[in-house]
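Notes follow once the structure below has been shown.
Atoms within a ligand are numbered from 1 in the order they appear, just like the ligands themselves.
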Amino acid sequence: MSFNRNLLNIIIVLCVCLSWDCNEGAQEREKREIDSHTIQLSSLFPSSSSCVLSSRASKTKSSLHVTHRHGTCSRLTSGKAKSPDHVEVLRLDQARVKSIHSKLSKKLTDRVRQSQSTDLPAKDGSTFGSGNYVVTVGIGTPKHDLSLIFDTGSDLTWTQCEPCVRSCYSQKEPIFNPSSSSSYYNVSCSSSACGSLSSATGNAGSCSASNCLYGIQYGDQSFSVGFLAKEKFTLTSSDVFDGLYFGCGENNQGLFTGVAGLLGLGRDKLSFPSQTATTYNKMFSYCLPSSASYTGHLTFGSAGISRSVKYTPISTITDGTSFYGLDIVGITVGGQKLAIPSTVFSTPGALIDSGTVISRLPPKAYAALRSAFKAKMSKYPSTSAVSILDTCFDLTGFKTVTIPKVAFSFSGGAVVELGSKGILYPFKVSQVCLAFAGNSDDNNAAIFGNVQQQTLEVVYDGAGGRVGFAPNGCS
Ligand SMILES: *[C@@H]1O[C@H](CO)[C@@H](O)[C@H](O)[C@H]1NC(C)=O
């Protein structure tokens, strides 16, 4: 009897211990799943699979498919994905970031200059970069489908036009010929639209036989020069706009090879969202696909926007520029909030850009992110830095990789968890790097770049003065 009771006690104790142990194991496993992503290593690299179309873009009104410029889904590559030269991509990315920073600091200097009422014309190019996403838009009558890079960091929409008086770079689709479109109009150089060019492009419009000429340069010797014109734009069969201003570029050069031009989604009066404001109320959303064999979407208006979108106000730091400003207030790595004083973010401010590849952080914020990330990745051997990325791992021999989740907190309480593709930048299996870089100057704005935006639903509500985020925007 007493033996039995003892046995029973032991069994009970054993059971409690076991179940407690089990619970702790489960909890720990669960916590690890909450705080990290485990992904197949191969999923980080391009596959040769055929293109998978976003059902979101196929189903939603006013929605266009978004493709990687070099991906299998792109009209420009006819199904053959070309692996980009990553070092070149990052070199151009740095040039774009430099031009963004110089535009923002020019804005600050302009304020000082204005208050001293001196007038020194300052010119600076913007750089186009190379991590670009493409949509196809119909221009003219009959409509001519053209692949344009969309850019939240600039305003003027333009395409190459015949006649190419000096030079046109090579593009995949036939170059637009205004003389074969019945809806094309030249714009006079005395018009207010011509007057808006200086804020939209950084260069005042000029006159050629009373027609308005524009010129926009993008650093790295990229530029487009031609006539400011009005045309019919066809996004989808139900979304057709007569008389939108655009640049008909007769002299174009630079890094645009393959695409026909650019769709300007910035905040200036001449941008596409501003010109279509009566229809879409300056609202658009997109999802950038996680790989070159998927499409995402670019949707105008409020159609299809998820209820789970969390919004943050557009910050005033970028007022008077094309950019959409954000206020970052914190970063979490693997469930742990980084100890970063709030002034580290608030002093330089931040912005979101569809054309910057790698997010840039203030030096102190980047240092904190890097050390937290390294600590959580200690089981993977480190390897050498490459270009602007200094935290790289050699994943040779691993099938899967477990990476800490990274989340950004923005003012107004929006917390945005990055997708698993928004954390690492894969050069090769033996060199996979943390996809963030530090600014060199504490006063340079942080930039939320397109690697980090992948698979998120990103909503730009220009009229409401806010930007929003939700997970899984491409499906
Ligand atoms: C627009 O201006 C150009 C250059 O002056 C001219 O060649 C073209 O015929 C004009 N097009 C229209 C539709 O007026």
Side-chain angles (χ1 to χ4, degrees), residues 123 125 128 135-151 154-218 221-237 239-254 256-257 259-266 268-279:
K123 266 193 191 165
F128 186 66
V135 289
T136 303
V137 169
I139 299 181
T141 311
K143 117 180 142 73
H144 187 101
D145 281 338
L146 294 169
S147 295
L148 306 177
I149 285 171
F150 68 90
D151 184 10
S154 67
D155 296 296
L156 183 71
T157 296
W158 61 264
T159 185
Q160 298 201 100
C161 279
E162 296 284 3
C164 294
V165 288
R166 270 247 163 72
S167 79
C168 285
Y169 57 82
S170 81
Q171 67 176 59
K172 182 84 178 181
E173 294 133 344
I175 292 176
F176 182 67
N177 188 344
S179 68
S180 60
S181 169
S182 61
S183 48
Y184 176 92
Y185 296 94
N186 285 324
V187 167
S188 120
C189 54
S190 57
S191 68
S192 65
C194 195
S196 300
L197 280 174
S198 55
S199 71
T201 65
N203 298 309
S206 57
C207 267
S208 165
S210 86
N211 290 330
C212 178
L213 282 177
Y214 76 91
I216 185 164
Q217 78 265 37
Y218 299 90
Q221 285 122 35
S222 295
F223 60 80
S224 173
V225 178
F227 290 100
L228 185 67
K230 283 177 102 167
E231 237 323 349
K232 183 170 178 169
F233 276 65
T234 303
L235 298 188
T236 65
S237 55
D239 295 61
V240 181
F241 296 90
D242 286 317
L244 294 191
Y245 294 105
F246 80 113
C248 204
E250 298 187 349
N251 183 13
N252 318 281
Q253 244 178 55
F256 313 106
T257 306
V259 298
L262 188 140
L263 182 64
L265 298 180
D268 189 79
K269 269 208 304 246
L270 269 186
S271 74
F272 188 82
S274 298
Q275 290 196 63
T276 55
T278 53
T279 306

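Residues Gly140 and Ser181 approach most closely at CA-OG, 3.4 Å, considering heavy atoms. Looking at every heavy atom in both residues, Cys194 comes nearest to Ser188 through CB-O, 3.7 Å.
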Derivation of the disulfide bond (SG atoms under 2.5 Å apart) call for Cys212 and Cys207: CA-CA 5 Å; Cys212 178; Cys207 267; over 6 Å; no
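Just one of Ser274, Ser199, Ser154 meets the side-chain hydrogen bond (donor to acceptor under 3.5 Å, both in side chains) condition when paired with Asp268; it is Ser199.
Contacts of Cys164 classified as side-chain contact (heavy atoms from CB on, under 4.5 Å), with partners at least two apart in sequence or in another chain: Glu162, Cys168, Ile175.
Aromatic pair Phe150/Phe272: ring centres not closer than 6.0 Å.
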Tabulate distances under 3.5 Å between N/O atoms of ligand 1 and N/O atoms of the protein, writing both atom names on each line.
unit_1, atom_1, unit_2, atom_2, d
ligand 1, 2 (O), Asn186, OD1, 3.4
ligand 1, 2 (O), Asn186, ND2, 2.3
ligand 1, 2 (O), Asn211, ND2, 3.0
ligand 1, 5 (O), Asn211, ND2, 3.2
ligand 1, 11 (N), Asn186, ND2, 2.9
ligand 1, 14 (O), Asn186, ND2, 3.2

